[in-house]
Amino acid sequence: MAPKAKPAAQKPAPDQEKKEFIHPSAKHARKQAIKDAFAIQPISAFYFFLTANVVAALFSPIQDCDETFNYWEPTHYLSHGYGLQTWEYSPEFSIRSWFYIAIHALIANIRRLLPHSSKVAEFYFLRYAFAIGCAFCQTLMWRSICLALSPRVGIFFLVATIFSPGNFHASTAYLPSSFAMYMSCLGAAAFMNWRGGIKTSMGIFWFAVGGVLGWPFAAALCAPFVAEEIFFAAVSDQDRMFESALRIFRGVTAAVLLVGLDAAINTFFYRKVEFVSWNIIKYNIFSETGGPDLYGTEPWTFYFKNLLLNFNVWFILALVSLPLFLLQKLFLRSAGETFQSGLRTFVFLTPFYMWLAIFTLQPHKEERFMYPVYPFLALNAALAFHSFLTFFGNASPKTLVGKIPAKLKLAVVGLGLLASATVGLARIWGMYSGYHAPLSIYDPLFEVGGRGDTVCFGKDWYRFPTSYFLPKDMHAKFVRSEFRGLLPGEFSEAKTGFGFFGGTWLPTIGLNNRNEEDMGKYVDLRMCVFMVDTQFPERNDEELPPNEPDYAKNAERWEEVKCLPFLDAERTPFLARALWVPDWEVIPERFRRRWGRHCLLRQKK
């Protein structure tokens, strides 16, 4: 007798199905939770940021002579006992913080404890420290963006940052505005992430660190977040209002204590009580001698052009982020969205617009003034791109956009991102290939130079990278060119009887805050053992100024030690200046880059 067939198993009803239990502490459960919250592992995001920043540390030229003379040179003085001194470090004016310099000098000196130490190694060691610190701060802000907004916005923030020439310039620059950018990331991360409690006091503190140790004006970026705190406190009950006031009080108290510490450190160096942050504000806003406008003014379009070059399409997205957000709230309001979440997003968008408006109105403009707001630019751009994709992906099938196949939409978006990254990388490579020579021509000095030799600079004074590239006890000097402003002097090297770092407080000669030339800054050409000069062969049809001869051409007096290609920006077309354009035969001549030579010369005996 055949066995009776078993009845087919009945599929349980959906409400009777039992889901497999996964313990929250299981490894795969934790990985899934991280993936849901961040899209990628936080450590992976850190590596992405770090890779971009290390590339900058290795290859980014020094764009601003202010970085050399106001930060690298004082650091070299603290570490090696000599260096060039600007008027800002004169005890008479005291508008630069020695606290900021001392921190970096300590970091650079760690390299001296490691094998194969050299001054050049110290320079790059400090740049690597910048790369790591910046990547850490960027990762924390990325994490808060993922938690407060969405993982997709976080991914766009990461992409907008790592492929931007702006980050290539700012991430490892030794400038207070770059340091303020790091602190902006930490401050924003604290204000944005409410998980585990509201962190207003921590946010205020980080912005205060950026303002006190870095650039005082950068502290203003916390204003929208503090205003948000005050607004929610005003519409809350009395207990929450007290908690809010306590958080703000703690943050302000920490900031005041930091100002006191900064004043104490600077008092040690200047040998008098100095509040450097106030001195900077006083000079830039209330100066009676012309203030920063003495060093040039630019039209209102300056930052728009500069940010377009440094962020390409991401800058355009950042500009339209607020209108897109408002349109999204009006026409595509999400179910379950609260007034609080909408207001918070509005607050996140505000710092970029506030900063851009304030500095566009200032006559004196420099690229580095935008560095503190770069993270907010990337955030605004990420939010705008997210809004665009929401509309692009969820359009009604009845509309023209809705009829576009999903794969075609994906291809358009992917190609747009690829084009943006390509343009960004082309500008990064163009900057390196065109201007890397000033960081690359000094290595022969360690073989052919002697102790006490001088390296002179004429018209290329502002291209001097730093004394870290010169052998020990070799000094940089200036010969007169057509420049008629104030050049740096030298820190006093007096030691006996003057205590530690006498050059930080001893009276200076020939320094002023009016950018007036001082003839005492020049040496006779006969004192120059070496000379650094840039030669532009394609300008042979031009008559050279009397104080700026072609030194390399004078073979009877000078011999070439090392020369490297250097972009002739004056003769190069705009597109080839803005981006890397290959020097191929198929490229029309009118689109190619023009080249000069940046040379290290030695005077013949």
Side-chain angles (χ1 to χ4, degrees), residues 37 42 97 99-100 103 133-134 136-149 154 157 176-177 179-265 275-278 280-281 338 340-341 343-352 354-355 372-376 379:
S97 173
F99 190 9
Y100 176 72
I103 292 172
C134 182
F136 176 76
C137 297
Q138 289 168 331
T139 303
L140 289 182
M141 184 171 178
W142 166 85
R143 179 178 181 275
S144 290
I145 290 170
C146 292
L147 294 173
L149 295 168
F157 171 82
S177 49
F179 180 78
M181 182 184 78
Y182 307 163
M183 297 303 106
S184 292
C185 288
L186 295 181
F191 276 116
M192 293 175 72
N193 183 14
W194 281 3
R195 296 197 179 190
I198 300 175
K199 307 174 183 66
T200 302
S201 55
M202 185 180 296
I204 292 175
F205 172 74
W206 288 124
F207 278 110
V209 173
V212 175
L213 295 187
W215 197 27
F217 303 104
L221 285 167
C222 77
F225 299 104
V226 175
E228 175 196 36
E229 173 81 19
I230 294 172
F231 173 80
F232 283 127
V235 298
S236 301
D237 55 42
Q238 191 171 359
D239 289 340
R240 292 187 178 181
M241 188 179 297
F242 175 77
E243 292 173 359
S244 177
L246 186 60
R247 286 192 293 268
I248 294 175
F249 175 77
R250 286 173 176 168
V252 173
T253 301
V256 171
L257 292 174
L258 183 63
V259 170
L261 177 61
D262 181 65
I265 299 296
F275 292 92
V276 171
S277 298
W278 166 243
I280 295 173
I281 295 172
T338 64
Q340 184 186 73
S341 64
L343 181 60
R344 294 213 75 207
T345 304
F346 175 80
V347 170
F348 299 161
L349 292 170
T350 304
F352 167 70
M354 180 189 75
W355 191 265
V373 84
Y374 279 0
F376 294 103
L379 171 60

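Sequence positions, counted from 1, serve as the residue numbers for this chain.
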> Going from CD1 on Ile248 to CD1 on Ile230, what distance comes out if it is rounded to the nearest 0.5 angstrom?
4.5 Å
> Quick one: does Tyr182's side chain get under 4.5 Å of Leu186's, heavy atoms only?
no
> For Ser277 and Asp262, does a side-chain donor sit closer than 3.5 Å to a side-chain acceptor?
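Distance-only check fails for Ser277 and Asp262.
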> What is the minimum heavy-atom distance between Pro372 and Leu221, and which atoms define it?
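Nearest pair, atom of Pro372 first, then Leu221: O-CD1, 3.7 Å.
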> Please check if the side chain of Ser184 supplies one atom and the backbone of Ala180 the other of a donor-acceptor pair under 3.5 Å.
yes
> With a 4.5 Å limit on heavy-atom distance, are the side chains of Leu343 and Phe232 in contact?
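Result yes, sub-4.5 Å side-chain heavy-atom pair found.
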> I need the minimum non-hydrogen distance between Cys222 and Phe191, along with the two atoms involved.
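That closest heavy-atom pairing would be CB-CE1, 4.2 Å.
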> How far does CH2 of Trp194 sit from CZ of Arg344, to the nearest 0.5 angstrom?
4.0 Å
> When rounded to the nearest 0.5 angstrom, what is the spacing between OH in Tyr100 and CD1 in Ile265?
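Between atom OH of Tyr100 and atom CD1 of Ile265 there are 16.0 Å.
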> In Å, rounded to the nearest 0.5 Å, how long is the span from CE of Met181 to CE of Met183?
10.0 Å
> If you look at every heavy atom in Pro224 and Thr350, which pair is closest and at what distance?
CG-CG2, 3.9 Å
> Give me the atom names and distance for the closest heavy-atom approach of Trp215 to Ser177.
CE3-CB, 4.3 Å
> Nearest 0.5 Å please: distance from the CG atom of Leu379 over to the CH2 atom of Trp142.
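Interatomic distance, Leu379 CG to Trp142 CH2, rounded to 0.5 Å: 14.5 Å.
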> Please report the shortest heavy-atom distance between Met192 and Leu149, naming the atom on each side.
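Heavy atoms of Met192 and Leu149 come nearest at CE-CD1, 4.2 Å.
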> Roughly how far, to the nearest 0.5 Å, is the CE atom of Met241 from the OG atom of Ser236?
7.0 Å
> Show the nearest heavy-atom pair for residues Ile281 and Phe217, with the distance to one decimal.
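Taking Ile281 first and Phe217 second, the nearest heavy atoms are CA-CZ, 4.1 Å.
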> Out of Glu229, Glu243, Arg250, which one pairs with Thr200 under the side-chain contact (heavy atoms from CB on, under 4.5 Å) rule?
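Only one of Glu229, Glu243, Arg250 forms a side-chain contact (heavy atoms from CB on, under 4.5 Å) with Thr200, namely Glu229.
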> Would you call Met141 and Ile145 a side-chain contact if the rule is heavy atoms closer than 4.5 Å?
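Result yes, sub-4.5 Å side-chain heavy-atom pair found.
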> Tell me whether the rings of Phe225 and Phe348 are parallel (<30°), tilted (30 to 60°) or perpendicular (>60°).
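Tilted.
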